[in-house]
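Before any comments, here is the structure.
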Amino acid sequence: MRLFRCDNCGNAIHFENRSCLSCGFRLGFAPDALSMHAVKPCDDGMRWSRVENPGYKYRFCPNAAWDICNWLIPDHEPEEYCIACRYNRWVPDPETADGLRRWRVISDAQRHLFYSFLRWDLPRPTRKDDPEGGLLFDLKDDEILPDGTTKPVLIGHNEGEIVIRTAEADDPTREQQRDMMNEPYRTVLGHFRHETGHFIWNKMVRDAGKTGSFRAVFGDESQDYGQALQHHYEQGPPPGWGSSYISYYATTHPWEDFAECFAHVLHIVDSLETAHIFGFALAPRSHGEMAAQVNFDPYTVQDFDRIAEVWIPLSLALNAIHHSMGERDLYPFILTPAIQAKLKYVHSLITGQI
């Protein structure tokens, strides 16, 4: 994620900021410009104009009233909600403390997801555009059964409908799930990126007639998914799985392998954009083979090999810094040549090279 500058005073501002800490102007993210802007209210009290160019008029997403969203809607657009929030059907109850806290965490992850979708202009039809397969999010609370026990919501995807368990916005719950499933990494943003990977497979592989090239890299997805899932939980992954799969769960089925790789391409590219903006460069003493410089915008790069060449040493450095703070690896994954080939396929697909 890039850094931005306040239009009014030039102070550095971040994607999540609601107001400039230097001059106090209100801030909003304009999806049409892919940038943050200082805005001031218009005379009608309903619209806002950009400080540096008053000709641009916007409305804030209605969810801004709950401090859940800071995205702007161009005044000429008929949509009620911003381009990130308009895909939500079920949301947490903002009238409750738990609901408001969870929705803020989830919305932050969701807007990071849509930033990447906008940068690459990935398919994102709504259910209005595509009633059978458009994108739709249900942000669901766990079900309280009559006997007082809790039935956890299952995170998943079904023809564009994506369910996110709101309880995982709470660190203890998510960490408990991570430990129970023996995962090295688990975040709300990771859920969004993984589940939308299934949606992207539908739109950019299946519906685009590209299953042939997909199978050459990931295998035959026509195998029964239910049986594959049952086998995964009963038998575990195949021996030596780490040389070919980015994660334990990716071994389940080619669909899951693709979704995991899609999530990792977004992880890597968005992280490298942040590193690029901050001017990251590595020159470890006596280890010249690990030198790297993020001197490019990864969202514009067509060659995934170039991305991997920089990401691998950078991720090793970030992991070492985490160890110095007594934390787990920030990126606990190994990109073998076979895994890089899968990531390269996904990257080539979403950048229009396949």
Side-chain angles (χ1 to χ4, degrees), residues 1-2 34 109 112-124 135 157 185 187 189-219 221 242-247 249-277 280 292-316 318 330-354:
M1 179 61 64
R2 68 179 78 168
L34 284 171
H112 273 78
L113 170 76
F114 273 95
Y115 173 82
S116 296
F117 267 57
L118 292 169
R119 285 294 317 260
W120 278 313
D121 194 23
L122 297 179
R124 49 186 184 277
L135 189 59
H157 167 271
Y185 165 93
T187 66
L189 180 55
H191 290 322
F192 272 109
R193 286 173 170 166
H194 174 94
E195 299 305 335
T196 53
H198 292 298
F199 168 77
I200 288 296
W201 187 90
N202 285 356
K203 297 305 180 187
M204 300 190 73
V205 178
R206 182 193 66 186
D207 297 350
K210 297 177 181 177
T211 54
S213 62
F214 168 82
R215 289 173 181 173
V217 178
F218 289 91
E221 86 292 343
S243 64
S244 301
Y245 297 92
I246 190 70
S247 69
Y249 192 59
T251 68
T252 304
H253 187 278
W255 285 339
E256 299 299 349
D257 197 4
F258 178 88
E260 284 286 85
C261 287
F262 176 81
H264 277 263
V265 169
L266 268 61
H267 291 333
I268 292 168
V269 170
D270 205 41
S271 296
L272 281 179
E273 185 189 36
T274 306
H276 170 57
I277 290 299
F280 274 45
Q293 185 175 0
V294 192
N295 57 0
F296 56 87
D297 177 357
Y299 277 105
T300 66
V301 171
Q302 296 283 295
D303 183 7
F304 186 78
D305 291 338
R306 185 182 180 195
I307 290 174
E309 183 180 21
V310 175
W311 173 247
I312 291 173
L314 178 62
S315 64
L316 292 174
L318 292 173
L330 176 67
Y331 189 75
F333 305 94
I334 299 175
L335 302 187
T336 66
I339 293 170
Q340 287 186 52
K342 292 178 179 179
L343 296 175
K344 186 172 184 176
Y345 174 88
V346 173
H347 182 259
S348 297
L349 181 74
I350 62 181
T351 55
Q353 301 176 74
I354 297 178

Side chains of [X] and [Y]: donor-acceptor distance under 3.5 Å anywhere?
X      : Y      : answer
Tyr299 : Arg2   : no
Ser247 : Tyr245 : no
His253 : Glu221 : no

Could you tell me whether Asp297 and Arg119 have a side-chain N and a carboxylate O separated by less than 4.0 Å?
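Answer for the salt bridge query: yes.
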
Kindly compute the distance separating [atom1] ([X]) from [atom2] ([Y]), expressed to the nearest 0.5 Å.
X      : Y      : atom1 : atom2 : value
Cys261 : Ile268 : SG    : CD1   : 9.0 Å
Leu266 : Ile200 : CG    : CD1   : 9.0 Å
Asp257 : Ser244 : CG    : OG    : 9.0 Å
Ile312 : Leu335 : CD1   : CG    : 5.0 Å
Met1   : Asp270 : CE    : CG    : 5.0 Å
His194 : His157 : NE2   : NE2   : 10.0 Å

Not counting sequence neighbours, which residues clear side-chain hydrogen bond (donor to acceptor under 3.5 Å, both in side chains) with His276? List them please.
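side-chain hydrogen bond (donor to acceptor under 3.5 Å, both in side chains) list for His276, sorted by chain: empty.
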
Can you tell me which residue among Lys344, His347, Gln340 is in a side chain to side chain donor-acceptor pair (under 3.5 Å) with Asp305?
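Running side chain to side chain donor-acceptor pair (under 3.5 Å) over Lys344, His347, Gln340 with Asp305 returns exactly one hit, Lys344.
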
Testing the basics here: between [X] and [Y], what is the closest heavy-atom pair and its distance to 0.1 Å?
X      : Y      : result
Pro123 : Phe117 : O-CE2, 3.6 Å
Pro298 : Ile307 : O-CD1, 4.0 Å
Leu113 : Leu189 : N-CD1, 4.1 Å
Ile354 : Ser213 : CG2-OG, 4.1 Å
Met204 : Ile350 : CE-CA, 4.0 Å
Ile339 : Gly242 : CD1-O, 3.6 Å

Under 3.5 Å: donor-acceptor pair, side chain of Arg124, backbone of Leu122
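Yes; judged by distance alone, with no hydrogens or angles, the pair exists.
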
Quick one: do Tyr185 and Tyr331 satisfy side-chain contact (heavy atoms from CB on, under 4.5 Å)? Show the steps, please.
CA-CA 8 Å; Tyr185 165 93; Tyr331 189 75; over 6 Å; no

So, do [X] and [Y] sit near enough that their side-chain heavy atoms are less than 4.5 Å apart?
X      : Y      : answer
Asn202 : Phe199 : no
Trp311 : Leu316 : no
His198 : Glu256 : yes
Val310 : Phe280 : no
Glu273 : Phe296 : no

Just checking His264 against His267, ring centres under 6.0 Å apart?
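Here the rings of His267 and His264 have centres that are less than 6.0 Å from each other.
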
Tell me whether the NZ or CZ atom of Lys342 lies within the 45° cone about the ring axis of Phe262 and under 6.0 Å from its centre.
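Because its charged atom misses either the 6.0 Å distance or the 45° angle limit, Lys342 does not stack over Phe262.
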
Counting only heavy atoms not in Gln302 (residues, nucleotides, ligands), do more than 12 fall under 6.0 Å from its CD?
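Yes, because the 6.0 Å sphere around CD of Gln302 holds more than 12 heavy atoms from other groups.
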
Within 6.0 Å of CD1 in Ile334, more than 12 heavy atoms from elsewhere:
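No.
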
Which residues satisfy the side chain to side chain contact (heavy atoms under 4.5 Å, CB included) test with Ser243, sequence neighbours excluded?
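Result, side chain to side chain contact (heavy atoms under 4.5 Å, CB included) vs Ser243: none returned.
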
Could you list the residues that satisfy ring pair (Phe, Tyr, Trp, His ring centres under 6.0 Å) with Phe218, not counting sequence neighbours?
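Only Phe214, Phe258, Tyr345 meet the ring pair (Phe, Tyr, Trp, His ring centres under 6.0 Å) criterion with Phe218.
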
Verdict with supporting geometry, Val265 and Trp120, side-chain contact (heavy atoms from CB on, under 4.5 Å)
CA-CA 12 Å; Val265 169; Trp120 278 313; 4.2 Å; yes

